[in-house]
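Here is the structure we will look at.
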There are 2 protein chains.
Amino acid sequence: MLSKKTKYGLKALAYLASQPDKKPVQISEIAEKENISQKFLESILLSLRKTGFLGSKKGKGGGYYLLKTPEEISMTDVMRVLEGPIAMVPCVSLNFYETCDDCPDENTCSVHKLMLQVRDSALDVYRNNTLKDIIS
Amino acid sequence: MLSKKTKYGLKALAYLASQPDKKPVQISEIAEKENISQKFLESILLSLRKTGFLGSKKGKGGGYYLLKTPEEISMTDVMRVLEGPIAMVPCVSLNFYETCDDCPDENTCSVHKLMLQVRDSALDVYRNNTLKDIIS
DNA sequence: TATTACCCTACTAATTTAATAGAGTTTTCA
DNA sequence: TGAAAACTCTATTAAATTAGTAGGGTAATA
């Protein structure tokens with residue numbers, strides 16, 4: 001399942017990408033329009049800022065804004081930051097690789113074989129979608 | 001993440017599919033060979049039996065066996081039984097559809113748009129793989 | 001008829017997720 | 001300059017899920 005964190009993060013990014021100009025948008029506005037708990041959204045936006053997707057401006061008239069144009073923001077990067085590994089098992093993960101305790105040999109493991117294909121197909125989708133592609 | 005239940009279930013099915021004949025295999029044998037907690041595996045095999053993938057035989061010389069040939073067992077069905085929905089959000093699920101509380105309109109939802117593609121790509125993989133395809 | 005092996009229920013520990021609370025800091029505008 | 005707006009950060013918690021554990025019960029076979 002997709003975590004709420006990722007879902008809300010994607011919605012917030014899409015909301016920012018849909019803005020006519022690049023003026024900062026307040027957390028409260030995004031939270032209200034997208035039906036997200038404001039406090040929870042705060043922490044999500046904070047992590048998106050720390051990972052270089054968003055910039056923020058404090059004080060009156062402040063808020064969050066995209067640091068890049070929507071077409072420069074790949075879903076691959078967004079998903080990795082919000083959701084973590086794209087692979088469903090660590091042993092087929094490109095960025096979060098780990099061996100399985102129970103598996104003596106990855107090359108003959110059925111699960112490995114299947115999940116490798118699933119990872120590649122998901123990556124295909126994420127690589128072919130930028131933030132621009134998913135806003136209506 | 002793939003649950004251990006699914007992982008173990010797949011491994012057990014693959015183990016049974018790799019048997020030279022159709023004789024029942026004991027839980028204890030599968031558990032040992034695949035490094036799975038026997039009690040946990042019991043409950044997984046039970047659910048695979050109840051959903052029509054496995055048959056069982058009690059008493060001495062008993063155990064579990066496949067009810068169909070490996071090439072007749074689609075990963076789509078296996079994944080749905082073991083892992084549940086293939087979609088990452090209920091609003092794009094074919095078999096477990098639910099609306100989102102927060103989302104006013106699926107058609108303009110960015111998350112929906114992206115997750116629809118992810119679901120389709122995953123389904124593609126599962127539909128193109130039978131149990132026979134993933135055993136080494 | 002004893003043994004083997006499946007069947008079933010209930011409980012629990014650990015982990016993750018999704019918040020919630022509240023205090024603190026920075027910036028801006030009047 | 002000062003008050004309000006708005007972001008920043010830490011800590012705590014409630015709920016849900018997962019992964020397993022315990023233990024007894026039941027059916028079938030040699």
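What's counted below: heavy atoms across the whole structure, side chains too, no hydrogens, waters or symmetry copies. Order of the sequence lines sets the chain letters (A, B, ...), proteins ahead of strands, with each chain counted from 1.
Of all nucleotides listed (dT28(C), dC9(D), dA19(C)), dA19(C) comes nearest to the side chain of Phe40(A).
Distances shown here put a side-chain N or O of Tyr64(B) below 4.0 Å from the OP1 or OP2 atom of dC7(C). Side-chain nitrogen and oxygen atoms of Ser37(A) include at least one within less than 4.0 Å of the OP1 or OP2 phosphate oxygen of dT20(C). An OP1 or OP2 oxygen of dC7(C) is reached within less than 4.0 angstrom by a side-chain nitrogen or oxygen of Ser56(B). Contact between the side-chain N/O atoms of Tyr8(A) and the OP1/OP2 oxygens of dA19(C) is found at a separation under 4.0 Å.
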Donor-acceptor list for residues 58-67 of chain A side chains, cut-off 3.5 Å, not counting sequence neighbours:
none

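One atom, NZ of Lys23(A), and another, P of dT28(C), lie 16 Å apart when rounded to the nearest Å. The CD-C1' distance, from Gln38(A) to dA5(D), rounds to 12 Å in whole Å. The interatomic distance linking Lys39(A) (NZ) with dT10(D) (P) rounds to 13 Å, in whole Å. The nearest whole Å value for the distance from the NZ atom in Lys57(B) to the C1' atom in dT4(C) is 11 Å. Leu46(B) has its CG atom 14 Å from the P atom of dA27(D), to the nearest Å. At whole-Å resolution of the value, CE in Met1(B) and C1' in dA14(C) are 15 Å apart. If you take NZ of Lys7(B) and P of dT18(D), they are 16 Å apart, rounded to a whole angstrom. The NZ atom of Lys58(A) sits 16 Å away from the P atom of dC29(C) (whole-angstrom rounding).
Residue contacts for Lys50(A): at a heavy-atom cut-off of 4.0 Å it reaches the sugar-phosphate backbone alone, with no base atom in range. Using a 4.0 Å heavy-atom criterion, one finds that Leu45(A) contacts no nucleic acid atom at all.
Among pairs with a residue in residues 10-21 of chain A, those fulfilling salt bridge (Lys or Arg N to Asp or Glu O under 4.0 Å) read Lys11(A)-Asp102(B), at least two apart in sequence or across chains.
In terms of modelled atom types and a separation under 3.5 Å, the side chain of Thr6(A) and the main chain of Leu2(A) share no donor-acceptor contact.
Of the inter-residue distances, the one linking Leu16(A) atom CG with Glu29(A) atom CD reads 9.0 Å to the nearest 0.5 angstrom.
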Under the side chain to side chain contact (heavy atoms under 4.5 Å, CB included) rule, what do Tyr15(A) and Glu34(A) come out as? Steps first, then yes or no, please. CA-CA 8 Å; Tyr15(A) 188 85; Glu34(A) 299 292 343; 3.4 Å; yes
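Mapping Lys60(A) and Glu42(A) onto DNA chain D via the closest heavy atom, the residue that lands nearer the 5' end is Lys60(A). In terms of position on DNA chain C, the residue among Lys4(A) and Ile27(B) whose nearest nucleotide sits closer to the 5' end is Ile27(B).
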